[in-house]
Undergrad: 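Structure below; questions to follow.
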Protein chains: 2
Amino acid sequence: MTDCSTCVVRNRAICAALDKEELDALNLIGRRRTLTAGESIIWEGDESVLVANVIDGVLKLSTGSQDGREQIVGVVYPADFIGRPFGGNTSHSVTAITDAKVCLFSRADFDGFANDHPALEHKLLRRTLTELERTRKWMTLLGRKSAEEKLASFLLDMSERLVDPGCETVTDEPLAEFDLPFSRQHVADILGLTIETVSRQFTKMKRDGVVALPSRRAVAITNRTALEDLAA
Amino acid sequence: MTDCSTCVVRNRAICAALDKEELDALNLIGRRRTLTAGESIIWEGDESVLVANVIDGVLKLSTGSQDGREQIVGVVYPADFIGRPFGGNTSHSVTAITDAKVCLFSRADFDGFANDHPALEHKLLRRTLTELERTRKWMTLLGRKSAEEKLASFLLDMSERLVDPGCETVTDEPLAEFDLPFSRQHVADILGLTIETVSRQFTKMKRDGVVALPSRRAVAITNRTALEDLAA
DNA sequence: CGACATTTTGATACGTATCAAGGTACGTGG
DNA sequence: CCACGTACCTTGATACGTATCAAAATGTCG
């Protein structure tokens with residue numbers, strides 16, 4: 001059974017706006033769901049009837065064309081919100097990239113609950129504004145940066161976002177070493193490149209001593225200043 | 001003096017959430033400002049202390065790098081909201097593309113007012129969610145489309161967004177003919193292309209009989225189906 | 001150990017940027 | 001009203017970066 005009071009994202013997700021009683025009410029309309037890597041919960045173009053909070057794992061928001069081109073338009077992490085409340089269709093799919101846990105609501109239920117809880121809407125508004133800002137920043141990368149600049153920017157972004165938020169680390173410094181939750185193909189789809197170009201840029205950075213690549217998914221930033229220069 | 005009750009975007013902007021009394025209160029903290037084309041009200045990286053509603057005209061949100069590359073990350077029209085309430089810095093400038101009128105608020109004033117008026121926040125939330133959705137759709141264009149596909153998609157989008165919302169047109173059908181509020185350079189900065197490439201694609205479409213170009217800024221879609229095919 | 005998926009590397013082609021020049025519309029002052 | 005200057009747009013020639021096609025290498029899992 002769902003139990004918000006022990007939820008690991010309780011204090012970071014939009015639910016943090018609610019007190020104990022309100023949380024109990026939210027409990028009644030939500031349910032947890034486990035996803036295995038590759039599984040989707042929302043499909044591009046569908047009438048969006050679900051919204052959710054991410055509890056654990058990483059999910060991608062993506063659009064695909066008939067001819068197989070795919071673009072990842074967003075990546076969500078624990079405590080992030082998924083879906084389109086208050087009407088309107090979602091124009092992208094939502095797919096688990098790693099095994100994941102989410103807290104699901106039917107949109108109708110969530111809409112009703114949100115209407116009665118302005119503090120929840122306020123949290124959601126702040127989160128949405130931040131996400132819009134982040135997305136716009138990403139547009140500059142897609143529209144104007146070279147492959148090398150794209151990968152450098154991406155790695156720097158990852159080193160900041162993959163900081164484990166669970167434990168109360170004193171410093172929120174970016175990581176020097178981390179495991180990407182993405183395959184090379186995912187990285188390519190995030191950066192608007194092909195997998196071959198991504199691979200070549202990784203190799204180049206390794207050759208130049210900017211990063212080390214201990215294993216397929218692992219990245220160690222060995223010269224952050226140089227990486228920042230490459231990101232332009 | 002500001003007078004919301006006669007404002008042309010009164011029923012479309014987020015202010016539509018307010019009744020007459022509330023509107024009077026909002027009146028007290030807002031002021032109108034006229035902008036001439038090229039004038040900015042928010043600068044990239046600045047501590048964002050202003051928010052605003054667009055009353056008339058078109059404005060761009062853009063980011064620029066040192067080396068002169070620019071990417072337009074959003075375009076706003078009458079009734080749209082500008083700025084970043086509730087903290088956080090804006091990472092893009094806001095600049096008038098045409099002469100424009102806006103309704104300005106200091107962020108602190110607006111934040112306070114919004115806190116007391118959940119209905120206003122709700123409107124803003126819906127608007128922000130829609131804008132996020134639109135922005136994500138644009139990412140696919142920037143990351144995965146060819147120059148020809150980009151321009152075709154752009155023209156179709158324009159034919160829908162430039163429909164004059166003022167008069168109560170029975171049908172909201174897309175326009176067959178319209179004047180772009182943008183120069184070729186603007187179009188290039190929106191699509192992540194150079195001005196030369198944009199120009200060549202315009203010429204190609206004209207040659208193929210998909211569009212006619214009566215004057216520099218005017219576009220007439222002569223074969224919509226073909227244009228839709230080009231947009232992929 | 002062997003089969004499969006993923007990643008890397010290589011050779012080549014294509015699309016768009018870049019550099020350069022010419023053309024067209026537009027506003028200003030003669 | 002026309003000549004001129006300026007900004008904007010178009011066209012052309014070439015270079016460069018990334019995609020594409022192909023194959024080899026590496027890692028992963030039964």
Side-chain angles (χ1 to χ4, degrees), chain A residues 36-38 65 67-71 97-99 140-155 179-208 211-219 230-232, chain B residues 36-38 65 67-71 97-99 140-155 179-208 211-219 230-232:
Chain A
T36 56
S65 5
D67 56 349
R69 286 180 293 184
E70 172 165 331
Q71 177 66 48
I97 275 188
T98 64
D99 291 345
T140 300
L141 177 141
L142 289 176
R144 292 298 187 200
K145 291 194 177 182
S146 70
E148 184 172 53
E149 292 168 339
K150 282 178 175 179
L151 186 58
S153 308
F154 171 75
L155 292 177
D179 276 301
L180 291 173
F182 310 110
S183 69
R184 290 287 185 270
Q185 184 63 61
H186 286 139
V187 176
D189 290 339
I190 289 171
L191 300 179
L193 296 169
T194 59
I195 183 174
E196 293 95 329
T197 298
V198 170
S199 179
R200 278 186 247 272
Q201 295 300 334
F202 263 117
T203 305
K204 184 156 176 291
M205 285 186 189
K206 187 171 78 175
R207 201 169 50 228
D208 297 347
V211 301
L213 305 171
S215 79
R216 280 193 164 175
R217 297 280 182 111
V219 176
L230 290 180
Chain B
T36 56
S65 5
D67 56 349
R69 286 181 293 184
E70 172 165 332
Q71 176 67 48
I97 275 189
T98 64
D99 291 345
T140 300
L141 177 140
L142 289 176
R144 292 300 188 198
K145 292 194 177 183
S146 70
E148 184 172 53
E149 292 168 339
K150 282 178 176 179
L151 186 58
S153 307
F154 171 74
L155 293 177
D179 277 302
L180 291 174
F182 309 111
S183 69
R184 290 285 185 270
Q185 185 62 61
H186 286 139
V187 176
D189 290 339
I190 290 171
L191 300 179
L193 297 169
T194 59
I195 184 173
E196 293 97 329
T197 298
V198 170
S199 180
R200 278 185 247 273
Q201 295 300 332
F202 263 117
T203 305
K204 184 156 177 290
M205 285 185 189
K206 187 171 79 174
R207 201 168 52 229
D208 297 347
V211 301
L213 306 170
S215 80
R216 282 193 164 174
R217 297 279 182 111
V219 177
L230 290 180

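Below, chain A is the first sequence line, B the second, and so on; all start at residue 1. Everything numeric here is computed off the predicted structure, so don't read it as measured data. Scope of the values below: all heavy atoms of this structure, side chains included, with no hydrogens, waters or symmetry mates.
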Undergrad: Over all heavy atoms of both residues, which pair between A:K150 and A:L141 is shortest? Give the atoms and the distance, please.
TA: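 Residues A:K150 and A:L141, closest heavy atoms: CE-O, 3.4 Å.
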Undergrad: With a 4.0 Å heavy-atom cut-off, tell me which residues in residues 143-155 of chain B come close to DNA chain D, sorted by residue number.
TA: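 None - not one residue of the stretch has a heavy atom sitting under 4.0 Å from the strand.
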Undergrad: Measure from NZ on B:K204 to C1' on D:dG12 and round the result to the nearest Å.
TA: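 Between C1' of D:dG12 and NZ of B:K204: 17 Å.
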Undergrad: Would you jot down, in residue-number order, the residues of residues 184-191 of chain B having a non-hydrogen atom under 4.0 Å from DNA chain C?
TA: none
Undergrad: For A:R69, does its backbone N or O pair with a side-chain atom of B:R144 as donor and acceptor, under 3.5 Å?
TA: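 Looks like no, no N/O pair under 3.5 Å.
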Undergrad: Going 5' to 3' through nucleotides 22-30 of chain D, assign each nucleotide B (protein heavy atom under 4.0 Å from a base atom), S (under 4.0 Å only from sugar-phosphate atoms) or - (no protein heavy atom that close).
TA: ----BS---
Undergrad: Over all strands shown, is A:S199 touching base, sugar-phosphate only, or nothing at heavy-atom distances under 4.0 angstrom?
TA: base
Undergrad: At 4.0 Å (heavy atoms only), tell me whether B:T194 reaches a base, stays on the sugar-phosphate, or touches nothing.
TA: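 Since a base atom lies under 4.0 Å of B:T194, the category is base.
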Undergrad: Which residue pairs satisfy the salt bridge (charged side-chain N to carboxylate O under 4.0 Å, His left out) criterion with at least one member in residues 191-201 of chain B, sequence neighbours excluded?
TA: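 Qualifying pairs, neighbours excluded: none.
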Undergrad: Is there a side-chain contact between A:Q71 and A:D189 in this structure, where contact means two heavy atoms from C-beta onward sitting under 4.5 Å apart?
TA: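 Side-chain contact under 4.5 Å: no.
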Undergrad: Taking all non-hydrogen atoms of both residues into account, name the closest pair between B:A212 and B:P214 and its distance.
TA: O-CD, 3.3 Å
Undergrad: Could you give the start and end, 5' to 3', of the contact zone on DNA chain C for chain A, using atoms under 4.0 Å from its heavy atoms?
TA: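 Nucleotide range in contact with chain A: C:dT6 to C:dA11.
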Undergrad: What bend angle does the helix from C:dC1-D:dG30 to C:dG30-D:dC1 show across its length, from five-pair end axes and to the nearest 10 degrees?
TA: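 End axes: 40° apart.
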Undergrad: Does the side chain of B:F154 reach to within under 4.5 Å of the side chain of B:L180, using non-hydrogen atoms?
TA: yes
Undergrad: If you take all heavy atoms of B:I195 and B:A188, which pair is closest and at what distance?
TA: N-CB, 3.7 Å
Undergrad: Backbone N or O of A:F182 within a donor-acceptor pair of the A:R217 side chain at under 3.5 Å?
TA: yes
Undergrad: How long is the gap from CG on A:D179 to OG1 on A:T98, to the nearest 0.5 Å?
TA: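 Going from the CG atom of A:D179 to the OG1 atom of A:T98 covers 12.5 Å.
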Undergrad: Given 3.5 Å as the limit, does a donor-acceptor pair link the side chain of A:E149 with the main chain of A:S146, or not?
TA: yes
Undergrad: How about A:T197 and A:L151: do any of their side-chain heavy atoms sit closer than 4.5 Å?
TA: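 SC-SC contact between A:T197 and A:L151 ruled out.
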Undergrad: State, to 0.1 Å, how close A:D99 and A:A37 come at their nearest heavy-atom pair, and which atoms those are.
TA: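 Closest approach of A:D99 to A:A37, heavy atoms only: OD1-N, 2.8 Å.
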Undergrad: May I ask you to decide if A:H186's main-chain N or O and A:S183's side chain share a donor-acceptor pair within less than 3.5 Å?
TA: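 Yes.
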Undergrad: Heavy-atom distance under 4.5 Å between the side chains of A:L155 and A:M205, does that happen here?
TA: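 The answer is yes, as the side chains (C-beta and beyond) meet within the 4.5 Å cut-off.
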Undergrad: In Å, rounded to the nearest 0.5 Å, how long is the span from CG of A:L193 to NZ of A:K145?
TA: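 Answer for the CG-NZ pair, A:L193 versus A:K145, is 12.5 Å.
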